[in-house]
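Comments concern the structure below.
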Amino acid sequence: MTKDILISRRAVIASGIALGVSGFAPLARAGAPLKVAGIHASPVENAWNSCLHKALQDAAKEGVIEYVFSEGVSGTDYPRAMREYAEQGNKLIIGEAYAVEKEARQVAADYPDTAFVLGSSGEQAGDNFGVFGTWNHDGAYLAGMLAGKMTKSNVVGSVGAIPIPEVNMLINAFAAGVKAVNPDAKHLVSFIGTFFDPPKAREAGLAQIDAGADILFGERIGTADAAKERGIKSVGSLIDYTPRYPDTVFANAMWYFRPILDAAIADVAAGKPVGRNYTSYGLMKEGGSDIVFVKGVAPGDAEAAMEAKRAEIKAGTFEVPKMMDEPK
């Protein structure tokens, strides 16, 4: 990717003074908003990237930050994009290191005055390289509890991207929720080998339906298309897919990036190192994830049991297992 191409993909979000909307509004009024860049390996309509993008856009609209971004940045161009944004004076860079773990840390080491907070399966590095995970497994477990009581074929399926620890944990949590209420249920798993390929996710979903699945968990966007096509129910992940698939997606394991972003912004604004793990801000008990579902689709007793478990998770009296191994 040339520099000109990179710049053409950027969108600058105009920002004004927030009117008491954010806890960082006083900081925005006291000085210039923090300059933040987002680097998205997939298009921003991809579910995971859309979570980051929305949080960053909202912060910009509130006057907390100035936000520029690039989308569809390949792994080979990703370190270059990081360097360019650092050299342009952005104080915080948000993105993902999954395909460039080693290179991303090297770039951060070369720009010690720039804060990098990236989605990663690895650990933080130095004072200026922070990481976060996408831990919406609590909501996935709860959705699995509903699915386990709804399935009539006793077969459910999950379509995931790549078997990295976070994706594995999410799918395993869904399966654990199913098994918690229906130990005899069978769980099918497919990986599409990429983070964004809706047609491929659809095909994987169709194959699982052909194998007997009557409820699909869509860790990847496109899974619900297969469910809709065959007239079965589906569970969404990261964002609320129900408005898009009103008769298909009955529950969603939500993830909200804003708590993680706010924590990173606060650290940068206070001059604190960001070399830490921000994952915990995305947990359900911290308000960073949850389940949203259409009431009345699952049996009433299933909803009641799920809500009871949800309350336990929020209270910290029940912890959904974190199983990072590849599901079988």
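When reading the values below, keep in mind they use all heavy atoms of this one structure, side chains included, and skip hydrogens, waters and symmetry mates.
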Requested in this report: Check the angle between the aromatic planes of Y241 and Y245 and answer parallel, tilted or perpendicular using the 30° and 60° thresholds.
Outcome: tilted
Query - I232 CD1 to E229 CD distance, which is reported to the nearest 0.5 Å - result: 10.5 Å
Query - Sidechain N-carboxylate O distance under 4.0 Å for R220, D197 - result: no
Query raised in the report: Taking atom NZ of K149 and atom CD1 of I215, what is their separation to the nearest 0.5 Å?
Result: 12.5 Å
Query raised in the report: V181, I313: one ILVMFWY side-chain cluster at the under-4.5 Å cut-off?
Result: yes
Query raised in the report: Do the ring planes of Y141 and F318 sit parallel (below 30°), tilted (30 to 60°) or perpendicular (above 60°)?
Result: tilted
Report summary line: Output for pair (N136 CG, N252 CG), nearest 0.5 Å, gives 10.5 Å
Query - Within 6.0 Å of CD in E123, more than 12 heavy atoms from elsewhere - result: no
Query - Value rounded to 0.5 Å, distance of OH in Y67 from CG in L261 - result: 9.5 Å
Report task. Considering only NZ, NE, NH1 and NH2 on the basic side and carboxylate oxygens on the acidic side, decide whether K228 and D247 come within less than 4.0 Å. Result -> no
Query raised in the report: Are the side chain of N49 and the backbone N or O of V44 linked by a donor-acceptor pair below 3.5 Å?
Result: no
Query raised in the report: Would you say the side-chain atoms of K179 pair up with the backbone N or O of A185, donor to acceptor, closer than 3.5 Å?
Result: yes
Query - Listed partners of K322 passing salt bridge (charged side-chain N to carboxylate O under 4.0 Å, His left out), at least two apart - result: E319
**Report entry** Other residues, nucleotides, ligands: >12 heavy atoms within 6.0 Å of D127 CG
**Finding:** no
Report task. Return yes if some donor-acceptor pair links the side-chain N/O of S234 with the main-chain N/O of T248 below 3.5 Å, else return no. Result -> no
Query - Side-chain donor or acceptor of Y111 paired with backbone N/O of F116 under 3.5 Å - result: no
Query - Pair V235-F250, side-chain contact (heavy atoms from CB on, under 4.5 Å): steps then yes or no - result: CA-CA 6 Å; V235 174; F250 70 95; 3.7 Å; yes
Requested in this report: With salt bridge (charged side-chain N to carboxylate O under 4.0 Å, His left out) as the test, would you mind laying out the steps for E203 and K200 before giving the verdict?
Outcome: CA-CA 5 Å; E203 289 298 324; K200 198 167 184 179; over 6 Å; no
Query raised in the report: Taking NZ, NE, NH1 and NH2 as the nitrogens, is one of them in E312 or K309 under 4.0 Å from a carboxylate oxygen of the other?
Result: yes
**Report entry** NZ/NE/NH1/NH2 to OD/OE distance under 4.0 Å, D214 and R230
**Finding:** no
Query raised in the report: Would you find more than 12 non-hydrogen atoms of other residues, nucleotides or ligands less than 6.0 Å from K186 atom NZ?
Result: no
Report task. Could you tell me whether a side-chain N or O of N128 sits under 3.5 Å from a main-chain N or O of T114, the two making a donor and an acceptor? Result -> yes
**Report entry** Spatial distance of atom CG (L56) from atom CZ (F69) [nearest 0.5 Å]
**Finding:** 10.0 Å
Report task. Could you tell me whether a side-chain N or O of S237 sits under 3.5 Å from a main-chain N or O of G218, the two making a donor and an acceptor? Result -> no
Query - Residue pair F132, Y281: steps toward the ring pair (Phe, Tyr, Trp, His ring centres under 6.0 Å) verdict - result: CA-CA 9 Å; F132 63 88; Y281 293 95; over 10 Å; no
Query raised in the report: Just by distance, with hydrogens left out, do N46 and E71 show a side-chain donor and acceptor under 3.5 Å apart?
Result: no
Query raised in the report: Is it the case that E101 and S120 place a side-chain donor and acceptor less than 3.5 Å from each other?
Result: yes
Requested in this report: Taking only Lys NZ, Arg NE, NH1 and NH2, and the carboxylate oxygens of Asp or Glu, determine whether E45 and R244 approach each other closer than 4.0 Å.
Outcome: no
Query - Polar side chain donor-acceptor pair, D184 to N154, under 3.5 angstrom - result: no
Query raised in the report: Judged by modelled atom types alone, do W48 and S42 share a side-chain donor-acceptor pair under 3.5 Å?
Result: no
Requested in this report: State the CG-CH2 distance between D138 and W255, to the nearest 0.5 angstrom.
Outcome: 14.0 Å
